[in-house]
Structures are given as C-alpha cells and as structure tokens.
Amino acid sequence: MNIAFFLVPKDDVIYFSPHHTMRQALERMEYHRYSAVPLVDDHGKYVGTITEGDLLWKLKHSPEIGFENAHKVHLEDVPQHMAIKPVRINQQMQDLITLATNQNFVPVLDDNEVFIGIIRRREIIDYCFKLWQSEQKV
C-alpha cells in the first residue's frame with residue numbers, strides 16, 4: 001500500500017525552523033505534548049528532528065543557558081542525538097515498519113527532497129494490525 005494514504009500533511013504538522021529558539025520549542029512542545037518535532041529549513045527541506053532529549057542535553061551541557069536564556073539559543077545550535085530518517089512519498093508501507101520501531105513518526109519527502117508531512121507510528125501499527133487480522137481470517 002502506498003504511504004500517501006497515511007500522510008499527515010505538512011499543514012497539519014507542528015514543525016520548527018532551525019531559526020526558532022529553544023524556548024519557542026520547549027513551550028510549543030509542552031503545549032502540544034510532543035516529544036519530537038521535525039525541523040524544516042527556509043527552502044522546505046527536512047533537516048532533522050529536535051527531541052526533548054536534545055533540548056535537555058543542551059541545557060545540561062550549557063550551564064549558562066537556563067530557561068530564562070533559552071530564547072537566545074537557536075535550534076540549529078542544538079545537537080541532534082537521534083537520526084530520524086525520512087522516506088519518499090513513493091515508498092510502500094512495508095518500508096516504514098523498521099523505522100517505526102525507533103521513531104514516533106516518519107518524515108515524508110517529495111521527489112525534490114521537500115518535507116510534505118509525516119506518518120505517525122500509530123497509523124503504521126494500525127496498518128500492521130489490520131493486515132495481521134486479515135491473514136488470521138484466511
């Protein structure tokens with residue numbers, strides 16, 4: 001099955017620019033209760049994913065940055081500790097199963113490497129469960 005059916009389009013996804021600040025990220029992630037958010041550059045290209053852990057590690061290793069100074073640090077200056085791998089829109093659902101074991105979502109790119117949305121792990125699990133159910137009926 002083509003993954004486009006499961007795509008949450010970019011317009012419905014919370015994402016950050018590398019120019020957003022740590023404080024903006026912390027506040028927005030807290031508000032939406034997200035533990036990871038895609039980073040998309042000014043050209044619409046996916047450049048990684050910022051996680052709560054990345055933000056916490058930056059705070060831990062930079063004692064001069066407290067929450068009160070987090071507005072001075074841009075996300076492009078926060079090291080990413082997990083490589084959240086994207087896929088292309090023309091890939092099949094089976095290609096995502098391995099990625100979904102380690103990622104909350106899978107970023108999706110078009111043929112020009114432009115970020116067009118995500119597929120959440122829950123949709124991948126639901127797909128696998130329905131596939132398993134249909135095989136049990138045979």
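With sequence neighbours excluded, no residue satisfies ring-ring contact (aromatic ring centres under 6.0 Å, His included) with Tyr31. Residues satisfying the side chain to side chain contact (heavy atoms under 4.5 Å, CB included) test with Asp11, not counting sequence neighbours, are none. With sequence neighbours excluded, no residue forms a ring-ring contact (aromatic ring centres under 6.0 Å, His included) with Tyr46. Applying the ring-ring contact (aromatic ring centres under 6.0 Å, His included) test to His32 and every residue at least two apart in sequence or in another chain returns Tyr34. In terms of the side chain to side chain contact (heavy atoms under 4.5 Å, CB included) criterion, residue partners of Val40 (sequence neighbours excluded) are, by chain and number, Lys10, Tyr15, Phe115. With sequence neighbours left out, Ser35 forms a side chain to side chain donor-acceptor pair (under 3.5 Å) with Asn104. Contacts of Arg88 classified as side chain to side chain contact (heavy atoms under 4.5 Å, CB included), with partners at least two apart in sequence or in another chain: Asn90, Gln91, Glu113.
Taking every heavy atom of both residues into account, Cys128 and Ile97 meet most closely at SG-CD1, 3.6 Å. The minimum heavy-atom distance between Thr49 and Pro38, with the atom names listed, is OG1-CA, 4.0 Å.
Sorted by first and then second residue, the pairs that involve residues 115-132 and meet salt bridge (Lys or Arg N to Asp or Glu O under 4.0 Å), not counting sequence neighbours, are Arg120-Glu123, Asp126-Lys130. Here salt bridge (Lys or Arg N to Asp or Glu O under 4.0 Å) pairs that include residues 12-28, with residues two or more places apart or in two chains, are Arg23-Glu27. Annotation: salt bridge (Lys or Arg N to Asp or Glu O under 4.0 Å) contacts involving residues 29-56, sequence neighbours excluded, are absent.
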Please list every donor-acceptor pair under 3.5 Å in which a side-chain atom of residues 57-67 meets a protein atom from a residue at least two apart or in another chain.
| from | atom 1 | to | atom 2 | distance (Å) |
| --- | --- | --- | --- | --- |
| Lys58 | NZ | Asp77 | O | 3.3 |
| Ser62 | OG | Lys58 | O | 3.0 |

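Although no hydrogens or angles enter the test, the distance criterion places a donor-acceptor pair under 3.5 Å between the side chain of Gln103 and the main chain of Lys85. No donor-acceptor pair under 3.5 Å is formed between the side chain of Asn102 and the backbone N or O of Leu99. Between the side chain of Asn2 and the main chain of Ala4, a donor-acceptor pair closer than 3.5 Å is present.
Counting only heavy atoms from C-beta outward, the side chains of Leu55 and Leu75 approach each other to under 4.5 Å. Here the side chains of Ser17 and Leu39 are not in contact, with every heavy-atom distance at 4.5 Å or above. Inter-residue side-chain proximity for Val108 and Ile119 is flagged as met; some heavy-atom pair is nearer than 4.5 Å. With a 4.5 Å cut-off on side-chain heavy atoms, Ile116 and Ile89 count as touching. Looking at heavy atoms from C-beta onward, Val78 lies in side-chain contact with Met22 at the 4.5 angstrom threshold.
To the nearest 0.5 Å, atoms NE2 (His74) and NE2 (His20) are separated by 9.5 Å. If you take CD on Gln80 and OG1 on Thr51, they are separated by 8.0 Å, rounding to the nearest 0.5 Å.
Note on Ile118 and Met93: separate hydrophobic clusters, where clusters join Ile, Leu, Val, Met, Phe, Trp and Tyr whose side-chain heavy atoms are under 4.5 Å apart, directly or indirectly. In the hydrophobic clustering of ILVMFWY residues, with side-chain heavy atoms under 4.5 Å counting as a link, Val8 and Ile124 come out apart. Connection of Leu96 to Leu7 is established within a shared hydrophobic cluster, with ILVMFWY side chains joined at heavy-atom distances below 4.5 Å, either directly or through further cluster members. Put simply, Leu131 and Ile3 are part of the same group of oily side chains (I, L, V, M, F, W, Y) that touch within less than 4.5 Å, one to the next.
In the hydrophobic clustering, where aliphatic and aromatic side chains (Ile, Leu, Val, Met, Phe, Trp, Tyr) are joined below 4.5 Å either directly or transitively, Trp132 groups with Phe129.
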